[in-house]
Amino acid sequence: MRSLGIEGAWALEPKVFPDERGSFHEWYRSTEFREATGYDLALAQANCSVSRRGVLRGVHFSDVPPGQAKYVTCLRGAVLDVAVDLRVGSPTFGRWEALRLDDDGHHALFLAEGLGHAFMALTDDATVVYLCSTGYAPEHEHGVDPLDPELGIAWPEHIAPVLSQKDAQAPSLAQAERAGLLPTYETCTAHYDRLRAP
């Protein structure tokens, strides 16, 4: 796993073994995950999302605690997957990292608790699966406007974004911070330390 420019975000770029039958790759290995992050991935829920081209989902995040880490890959088609540092006080607060996930390279993205997650479908029937460290808890779920100019996420200019009503009405980063919705870097790093404790 390769660490991205935001603490808590890692990319997996697996070796793919193609042959006349198709292909094989390992999209998750616990030993490699632990080596990179220092802890094991707790699995509480697995999700599958199918989107038509242009659908933009996110930026979603959860309260910490309990937080919700995500391990994401794309099984069919392609998406632009984005991790956003929403942790107030973080050295990279407000920064984002984008990674193309598709059914060719079979890359995966891990986002630790406290990071925001969003993706745009680059193809029709883009099928994204993600493993979650905690189950869905609507009372702890929040969003930030993925088109917020302050965030400045470089979504593909040639694709018109299609947002849910909820995502379209999400607050800007500044509004979410003023409302006290964002997790703090201090709380998140303490949470990571607890996960790494023997």
Side-chain angles (χ1 to χ4, degrees), residues 1-2 4-6 8-14 16 18 22-28 41 43-62 68-86 94-138 141-173 176:
M1 292 178 71
R2 173 174 61 87
L4 299 179
I6 296 172
W10 284 270
L12 173 74
E13 297 163 340
V16 179
S23 69
F24 173 85
H25 71 282
E26 297 172 341
W27 79 282
Y28 173 77
L41 175 63
L43 176 58
Q45 185 170 316
N47 298 331
C48 179
S49 171
V50 180
S51 303
R52 66 180 174 90
R53 187 175 188 266
V55 167
L56 175 52
R57 300 181 187 269
V59 176
H60 300 149
F61 67 98
S62 298
Q68 187 182 68
K70 295 176 180 175
Y71 190 80
V72 187
T73 195
C74 182
L75 297 181
R76 180 172 60 199
V79 300
L80 183 68
D81 206 82
V82 178
V84 183
D85 192 347
L86 301 177
R95 271 189 45 194
W96 55 270
E97 291 275 345
L99 186 66
R100 180 186 169 99
L101 304 181
D102 59 38
D103 57 13
D104 183 38
H106 301 289
H107 294 174
L109 177 66
F110 173 69
L111 305 95
E113 294 87 345
L115 297 182
H117 177 239
F119 67 84
M120 174 182 272
L122 305 178
T123 62
D124 283 331
D125 294 324
T127 304
V128 172
V129 295
Y130 44 106
L131 309 178
C132 302
S133 63
T134 58
Y136 176 65
E141 301 291 326
H142 306 284
V144 168
D145 180 2
L147 303 176
D148 179 5
E150 183 182 348
L151 278 178
I153 298 173
W155 301 111
E157 294 181 5
H158 61 285
I159 302 178
V162 179
L163 280 72
S164 70
Q165 185 176 6
K166 181 179 176 183
D167 288 345
Q169 294 174 347
S172 68
L173 181 66

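- Remark: R2 pairs with L4, A11, E13, L99 by the side chain to side chain contact (heavy atoms under 4.5 Å, CB included) rule, at least two apart or across chains.
- By the side chain to side chain contact (heavy atoms under 4.5 Å, CB included) test, Y28 pairs with S30, F33, L41, Y71, sequence neighbours left out.
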Which side-chain N or O atoms in residues 109-116 pair as donor and acceptor under 3.5 Å with protein atoms at least two apart or in another chain?
from: E113; atom 1: OE2; to: H191; atom 2: NE2; distance (Å): 3.4

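- For A137, the side chain to side chain contact (heavy atoms under 4.5 Å, CB included) test picks out E139, H140, with sequence neighbours left out.
- Listed by chain and number, the residues in a side chain to side chain contact (heavy atoms under 4.5 Å, CB included) with D145 are L147, D148 (sequence neighbours excluded).
- For L12 against E26, the heavy-atom pair with the smallest separation is CD2-O, 4.0 Å.
- The shortest non-hydrogen separation linking G105 to V16 is O-CG2, 3.9 Å.
- Every residue meeting the salt bridge (charged side-chain N to carboxylate O under 4.0 Å, His left out) condition with R95, not counting sequence neighbours, appears here in chain and number order: E97.
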Under the side-chain contact (heavy atoms from CB on, under 4.5 Å) rule, what do V84 and V144 come out as? Steps first, then yes or no, please.
CA-CA 10 Å; V84 183; V144 168; over 6 Å; no
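- Taking D102 as the reference, R100 meet the salt bridge (charged side-chain N to carboxylate O under 4.0 Å, His left out) condition, with sequence neighbours excluded.
- Here H107 pairs with nothing under the ring-ring contact (aromatic ring centres under 6.0 Å, His included) rule; sequence neighbours left out.
- Applying the salt bridge (charged side-chain N to carboxylate O under 4.0 Å, His left out) criterion to E141, with sequence neighbours excluded, gives no partner residue.
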Under 3.5 Å, which donor-acceptor pairs link side chains of residues 158-167 to any protein atom two or more places apart or in another chain?
from: S164; atom 1: OG; to: D167; atom 2: N; distance (Å): 3.0
from: D167; atom 1: OD1; to: H60; atom 2: NE2; distance (Å): 2.8
from: D167; atom 1: OD2; to: G58; atom 2: N; distance (Å): 3.1
from: D167; atom 1: OD2; to: H60; atom 2: NE2; distance (Å): 3.3

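- Legend: residues meeting salt bridge (charged side-chain N to carboxylate O under 4.0 Å, His left out) with D85, ordered by chain and number and at least two apart, are R87.
- By the side-chain hydrogen bond (donor to acceptor under 3.5 Å, both in side chains) test, S23 pairs with no residue at all, sequence neighbours left out.
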